[in-house]
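Everything on this sheet refers to the single structure shown next.
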Amino acid sequence: MGSSHVDLSKRHTEKPSFSPEKLAEVQALMNSYPEGKHKSALIRILHIAEEEFGGWLSIETMDYVAELMNIQPIEVYEVATFYTMFNLDPVGKYVFEVCRTGPCMLVGSDQIIDYIGEKLNIKVGETSSDGMFTLKTAECLGACGYAPMLQCGKKFHEHLTKERVDEVIASYREGKVPN
Amino acid sequence: MGRRILLENDHVPGIETIDVYRKHGGYRSVEKALKKMSPEQVVEEVQKSGLRGRGGAGFPTGMKWSFLAKPEGVPRYLLCNADESEPGTFKDRYLMEKIPHLLIEGMIVSSYALGANQSYIYIRGEYMWILDILEKAIAEAKAAGFLGKNILGSGYDLELGVAPGGGAYICGEETALIESLEGKRGNPRMKPPFPAVKGLWGCPTVVNNVESIAAVVPIVNDGGEEYAKIGIGKSTGTKLISASGNLVRPGVYEIDMGISVEEFIYGDDYCRGIAYNKKMKACVPGGSSVPILPAHLVTKTAAGEDRLMTYESLADGGFASGSMLGSGGFIVFDEDQCIVRNTWNFARFYAHESCGQCSPCREGTGWMEKVLYRLEHGTGNLHDIDLLAEINKKIEGNTICPLGDAAAWPVAAAIRHFREEFEWHVTNREEAQRKNYGLLKESVA
Ligand SMILES: Cc1cc2nc3c(=O)[nH]c(=O)nc-3n(C[C@H](O)[C@H](O)[C@H](O)COP(=O)(O)O)c2cc1C
Ligand code: SF4
Ligand code: FES
């Protein structure tokens with residue numbers, strides 16, 4: 001884990017700020033914990049912040065979360081860098097996390113990863129030139145019996161074949177979440 | 001299909017809603033426990049049931065509950081471990097996705113038994129859509145009076161929260177889970193103190209797997225003795241098995257503990273054999289952390305007896321010729337799979353997931369991955385195979401949490417049973433890049 005570090009060269013130009021509705025949601029999350037234990041809401045709030053502010057966590061976003069939660073920025077950085085779901089670099093509109101662990105590999109995940117890379121003309125870790133897709137690999141996502149699979153946002157796409165990958169990509173290109 | 005207790009109603013349309021769930025007998029255990037039983041009586045039923053933790057270690061749930069410290073005036077917590085990140089395991093997801101109220105119901109009776117007034121479900125961050133399902137179910141349960149203050153007029157109060165992780169396997173380890181739930185990095189804690197004495201926010205805490213908590217529902221409804229009638233010896237009840245790999249019909253199955261492995265792999269009610277009419281080469285029966293077994297030790301023990309789906313039978317033969325039931329992640333390999341490649345794949349997983357706190361685990365998992373990469377990619381040498389065994393010994397037993405062991409054991413088992421295949425990767429480098437060793441060893445055996 002954790003070779004990731006905070007890269008100060010990547011910044012948001014504007015100070016992030018939640019909409020009033022999101023702010024209320026975040027406050028409610030903090031209040032749902034016992035007095036003085038609101039830090040427990042941090043991981044969930046980081047997920048929300050990531051979704052709200054471009055799919056990744058910039059220094060500005062993390063500092064903003066620290067300020068909201070009344071904790072030190074370092075307490076946010078150390079968490080954001082530990083949990084691999086958080087993107088610490090800018091990403092495309094859709095992030096494909098393709099599982100590469102044993103059970104998926106047994107039924108062809110390596111080939112699916114290669115195929116997506118070819119199709120989008122990117123390597124693992126890169127974003128397509130149109131800014132639409134980022135390709136990542138992930139470790140077992142709990143879909144081993146429905147493999148190969150990829151996760152995009154909250155959605156799992158399972159039983160992947162090359163044809164299925166084509167459909168999924170085409171659908172996202174049209175701005176629709178595939179079934 | 002055998003008896004189904006947990007998944008009995010998984011195909012009923014609308015079972016994820018409280019109305020349909022109640023029509024099918026849902027929340028009876030809450031009525032029964034809160035109105036007719038004392039918390040101690042619930043614990044007693046769980047003890048009688050012989051239920052063993054379904055998260056992997058198989059520790060008796062009733063006994064774990066009896067260890068919970070109860071100092072006056074200090075809150076106690078029940079945490080449900082829905083981190084489910086052990087490769088090959090996806091049963092908790094199935095249960096929560098299909099029948100979320102079963103877990104909520106189990107959390108209520110279990111919290112009551114433990115005297116917890118605030119409980120949490122910690123769910124892996126990748127299951128975010130299931131978090132939504134659970135929160136909806138919790139809201140329904142609360143509206144129906146099964147959560148909140150003075151539940152069913154019993155005087156018992158309970159709030160239930162759900163918290164997500166962020167993609168770290170280690171947070172399935174109970175003390176790492178607690179750290180994570182406190183909003184910190186998921187670094188496991190030194191034990192003792194055990195969570196039963198000092199857990200969440202320094203208070204007495206019980207951590208249980210999703211399936212363990214769900215199983216408390218039928219135990220309370222029908223009694224612990226009834227539950228203990230299913231199964232063999234100390235493996236009581238039913239078990240959810242996640243079946244993956246090269247099977248005709250992978251998926252989640254609820255089995256009666258004690259059916260034969262043969263029936264599970266080949267039976268019409270279960271996995272229906274190996275896909276594409278191929279032969280089985282190997283099987284990892286309990287998630288990636290347990291030893292791999294070559295085909296001839298999967299359906300039979302070394303003594304030639306039928307291998308059964310129980311904690312004891314899968315472990316028969318110890319590490320020499322047995323494995324473990326673990327989390328019930330049943331991964332099957334066909335004849336075209338490469339054991340070296342899979343061993344490297346799993347080693348990479350553990351190197352990726354080590355939290356980095358202890359050097360034997362942090363460095364050792366990284367070294368194992370590098371050495372296995374060499375062997376798999378045709379640049380290893382014969383000494384590397386012994387080097388792996390050396391690294392193994394340096395990790396095993398020298399770490400804060402069991403992840404180190406979990407990383408070391410599978411490598412040791414792969415070499416124990418498939419040494420020729422590792423050697424073949426060194427002696428036939430080029431051929432090994434093009435084709436697989438296949439069943440060469442198995443056909444000799
Ligand atoms: C590295 C590691 C990962 C684990 N992952 C999980 C997990 O994902 N789910 C789980 O229930 N238990 C997991 N466990 C076991 C837990 O520490 C704990 O024993 C379990 O949640 C207790 O519940 P049970 O008694 O109901 O099985 C893991 C243990 C280790 C060492
Ligand atoms: S054994 Fe590995 S995962 Fe466990 S505490 Fe040590 S470094 Fe972390
Ligand atoms: S191994 Fe890919 S989802 Fe489990």
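For clarity, every value in this text was computed on a predicted model and none was experimentally measured. Chain naming here is simple, since letters A, B, ... match the order of the sequence lines and numbering starts at 1 in each.
Contact check for A/K37 versus B/L200: no side-chain heavy atoms found under the 4.5 Å cut-off.
Although no hydrogens or angles enter the test, the distance criterion places no donor-acceptor pair under 3.5 Å between the side chain of A/T101 and the main chain of B/P87. Checking side-chain atoms of A/T84 against main-chain N and O of B/G167 turns up a donor-acceptor pair under 3.5 Å.
Both the backbone and the side chain of B/S180 come within contact range of chain A, judged by heavy atoms closer than 4.5 Å. In this structure, the portions of A/A143 lying under 4.5 Å from any heavy atom of chain B include both its backbone and its side chain. Within the 4.5 angstrom heavy-atom criterion, only side-chain atoms of B/Q337, from C-beta onward, approach chain A. For A/Q151, the part lying near chain B is the side chain, with the backbone staying farther off; criterion is any non-hydrogen pair under 4.5 Å. Only the backbone of B/T89 comes within less than 4.5 Å of a heavy atom of chain A; no side-chain atom from C-beta onward does.
Annotation: maximal heavy-atom pairing with chain A below 4.5 Å, among B/G165, B/A163, B/G161, B/G251, occurs at B/G165. Contact tally against chain A (heavy-atom pairs below 4.5 Å) for B/E159, B/Q118, B/R341: the top residue is B/R341. Among B/N345, B/V284, B/D334, B/I130, the residue with the largest count of heavy-atom pairs under 4.5 Å with chain A is B/N345. By number of non-hydrogen pairs under 4.5 angstrom with chain A, the leading residue of B/R362, B/R124, B/E84 is B/R124. When the candidates A/G142, A/S32, A/C104 are compared by the number of heavy-atom contacts under 4.5 Å with chain B, A/G142 comes out ahead. Note on A/M85, A/H47, A/M105: by heavy-atom pairs under 4.5 Å with chain B, the leading option is A/M85.
Taking all atoms of both residues into account, the shortest heavy-atom contact from A/Y83 to B/K184 is OH-O, 2.6 Å. A/C140 and B/S85 get closest at one heavy-atom pair: CB-O, 4.4 Å.
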Exercise for the section: Show the numbers, then the answer: is there a ring pair (Phe, Tyr, Trp, His ring centres under 6.0 Å) between B/Y120 and A/Y33? Expected result: CA-CA 10 Å; B/Y120 296 97; A/Y33 289 95; 5.5 Å; yes
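Atom CH2 of B/W129 sits about 9.5 Å away from atom NZ of A/K155, to the nearest 0.5 Å.
Checked for salt-bridge contact, B/R93 and A/E158 meet the test: a charged N lies under 4.0 Å from a carboxylate O. A salt bridge is absent between B/E179 and A/K39; no separation between the charged side-chain nitrogens and carboxylate oxygens falls under 4.0 Å.
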